[in-house]
Amino acid sequence: MIAASVSDFRELARRRLPHFLFEYIDGGSYAEVTLRRNVADLEAIALRQRVLRDMSSLDLTTNLFGQKLAMPVALAPIGLAGMNARRGECQAVRAADKAGIPFTLSTVSACALSEVAAAASQPFWFQLYMIRDRAFMRDLMAQAVEAKCSALVFTVDMPVPGSRYRDYHSGLAGAAGFKGALRRTIQSAMKPGWAWDVGVRGRPHALGNVAPVLKGKTGIEDFFAWMRDNFDNSINWRDLDFIRSEWKGPLIIKGLLDPEDAKEAAAIGADGIIVSNHGGRQLDGVLSTARALPPIADAVGDRLTVLADGGVRSGLDVVRMLALGAKGVLLGRAWAFALAAKGQVGIEQMLAMIEAEMRVAMTLTGMKSIDEINRLALAES
Ligand SMILES: Cc1cc2nc3c(=O)[nH]c(=O)nc-3n(C[C@H](O)[C@H](O)[C@H](O)COP(=O)(O)O)c2cc1C
């Protein structure tokens, strides 16, 4: 199948990945209400068609946190992405560099910061969770400085992990020990392409940044147990002082859905925020990001850079998010699927597709540059 859309990449990923890995990426928390809302609310937003305005020259470039980007798009942090294709995060950073956009490395990636830094030709962003062990966090931030990361994305919507039913049904969660491992081995053996590329040639299968604190434990259950025990649910706004004291570069707070929280972020001097509900993987039932974004952009858009993610599956969706008030948009599952489907080339193709779709959307809404895109690009503004 030739992939003509993000949903085609999803289908290719479904065919290639072991069942438990596909479900891990595709799924959301609880009844997946928010996951569905993210996609449905965004695609329901009607663009305003304008014609005969000489759209022969478009400018998709933008500047985020002092970095010039080919388009206002970044790859969102995706935990365990390195299991989607061999040394997956290294392939992803190369694809992002080629496309002229930032890649965000998750705390819980397969490839360590240093490995990704060696693969990268441009600065990338590093995402950090609040971990109980502050010395560990300090060390990760020092590594991010060493790796010349150009922004720190601090994720705040995971003080506790939401439950994902699909992970229980697939054998990723719940079935601890031998039984769970057996189910995953059988599912992996049924996907020989993946088993050879990642299972055999993609070693080591450790979590690059977390491996030192896992002390030799490499099982998937060890990883989930570590997350349960070490994610800090005492996190509060004062902890941002700690982050600020260790990280002097641009600081982006990820996982805000409420204008009051966005104002707090502006007050503590964050450089940016990401309006996000973790792709519908945390508190199910919260607002879609498409609906949460406009009041947040109105409240703080003049004080910090507002980014958004959630449900973005096309270049048209990127333009919708920009029209709703975002200055940049992060792609989550879109790149995870493209990586699983075809590795680095898959992400390159997916990003070329997003760019081409943005050009169509900008041409037919009469928006010649990214700065011009605002609510006038929407039919019901
Ligand atoms: C499989 C998967 C793993 C994720 N891991 C992380 C992570 O490690 N850190 C983080 O801040 N967000 C993580 N997210 C959330 C994404 O960064 C992003 O907010 C979300 O995927 C956007 O929604 P979308 O997938 O609909 O584009 C993850 C999302 C998925 C689908």
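Residue numbers count from 1 along this sequence. Not measured: the values here are computed from a predicted model. Every number for a ligand or one of its atoms is a count from 1 in the order of the listing.
- Close contacts of ligand 1 with Val108, meaning ligand atoms under 4.0 Å from a residue heavy atom, involve 8 (O).
- Considering both main-chain and side-chain atoms, Gly311 comes within under 3.5 Å of ligand 1 through a nitrogen or oxygen pair.
- For ligand 1, the polar-atom distance check against Gly79 finds a nitrogen or oxygen pair separated by under 3.5 Å.
- Distances below 4.0 Å separate heavy atoms of Thr155 from the following atoms of ligand 1: 10 (C), 11 (O).
- Here is the list of ligand 1 atoms found below 4.0 Å of a heavy atom in Gly332: 21 (O), 25 (O), 27 (O).
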Go through Asp371 and Ser369 one step at a time and tell me if the side-chain hydrogen bond (donor to acceptor under 3.5 Å, both in side chains) criterion holds. CA-CA 5 Å; Asp371 281 350; Ser369 69; 5.4 Å; no
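- Ranking protein heavy atoms by distance to atom 28 (C) of ligand 1, first place goes to Pro77 O, 3.7 Å.
- Note that Arg14 lies outside the cation-pi zone of Phe337, set by a 6.0 Å cut-off to the ring centre and a 45° limit from the axis.
- Considering backbone and side-chain atoms together, Arg313 places an N or O closer than 3.5 Å to an N or O of ligand 1.
- The distance criterion of under 3.5 Å between nitrogen or oxygen atoms is not met by Val312 with respect to ligand 1.
- By the 4.0 Å N-to-carboxylate-O rule, Asp26 lies too far from Arg333 to be salt-bridged with it.
- For ligand 1, the atoms sitting less than 4.0 Å from at least one non-hydrogen atom of Gly310 are 22 (C), 23 (O), 26 (O), numbered in the order shown with element in parentheses.
- When only non-hydrogen protein atoms are considered, atom 19 (O) of ligand 1 lies nearest to Asp309 OD2, 2.6 Å.
- For the atom pair CG (Leu378) and CZ (Arg320), the distance works out to 9.0 Å, reported to the nearest 0.5 Å.
- Few gaps surround NZ on Lys191; more than 12 heavy atoms of other groups in view lie less than 6.0 Å from it.
- Within the 4.0 Å heavy-atom criterion, neither part of Met158 lies near ligand 1.
- The single protein non-hydrogen atom nearest to atom 7 (C) of ligand 1 is Tyr129 OH, 2.9 Å, given as residue, atom name and distance.
- For ligand 1, the atoms lying closer than 4.0 Å to a non-hydrogen atom of Ile25 are 1 (C), 31 (C).
- Near Arg333, the atoms of ligand 1 lying under 4.0 angstrom from a non-hydrogen atom of the residue are 23 (O), 24 (P), 25 (O), 26 (O), 27 (O), 31 (C).
- To the nearest 0.5 Å, atom CG of residue Asp298 and atom CG of residue Leu324 are 10.5 Å apart.
- Although no hydrogens or angles enter the test, the distance criterion places a donor-acceptor pair under 3.5 Å between the side chain of Thr104 and the main chain of Leu75.
- Taking atom 1 (C) of ligand 1 as the reference point, the nearest protein heavy-atom neighbour is Arg281 NH2, 3.3 Å.
- Surrounding CZ of Arg291 are at most 12 heavy atoms belonging to other residues, nucleotides or ligands under 6.0 Å away.
- Residues Phe103 and Trp335 bring their aromatic ring centres within 6.0 Å.
- Atom 15 (C) of ligand 1 has its nearest heavy-atom neighbour, among Gln282, Met83, Lys254, in Lys254.
- Using modelled atom types and a 3.5 Å distance limit, the side chains of Glu89 and Ser109 yield no donor-acceptor pair.
- Ring orientation note: the planes of Tyr129 and Phe231 are tilted relative to one another, at an angle of 30° to 60°.
- Residue Ser106 approaches ligand 1 through these ligand atoms, each under 4.0 Å from one of its heavy atoms: 7 (C), 8 (O).
- Residue contact check: Tyr24 has heavy atoms under 4.0 Å from atoms 1 (C), 3 (C) of ligand 1.
- Looking at Ser276 against ligand 1, only its side chain comes within 4.0 Å, counting heavy atoms.
- Counted by atom type alone, Asp41 and Ser288 present one or more donor-acceptor pairs between their side chains at under 3.5 Å.
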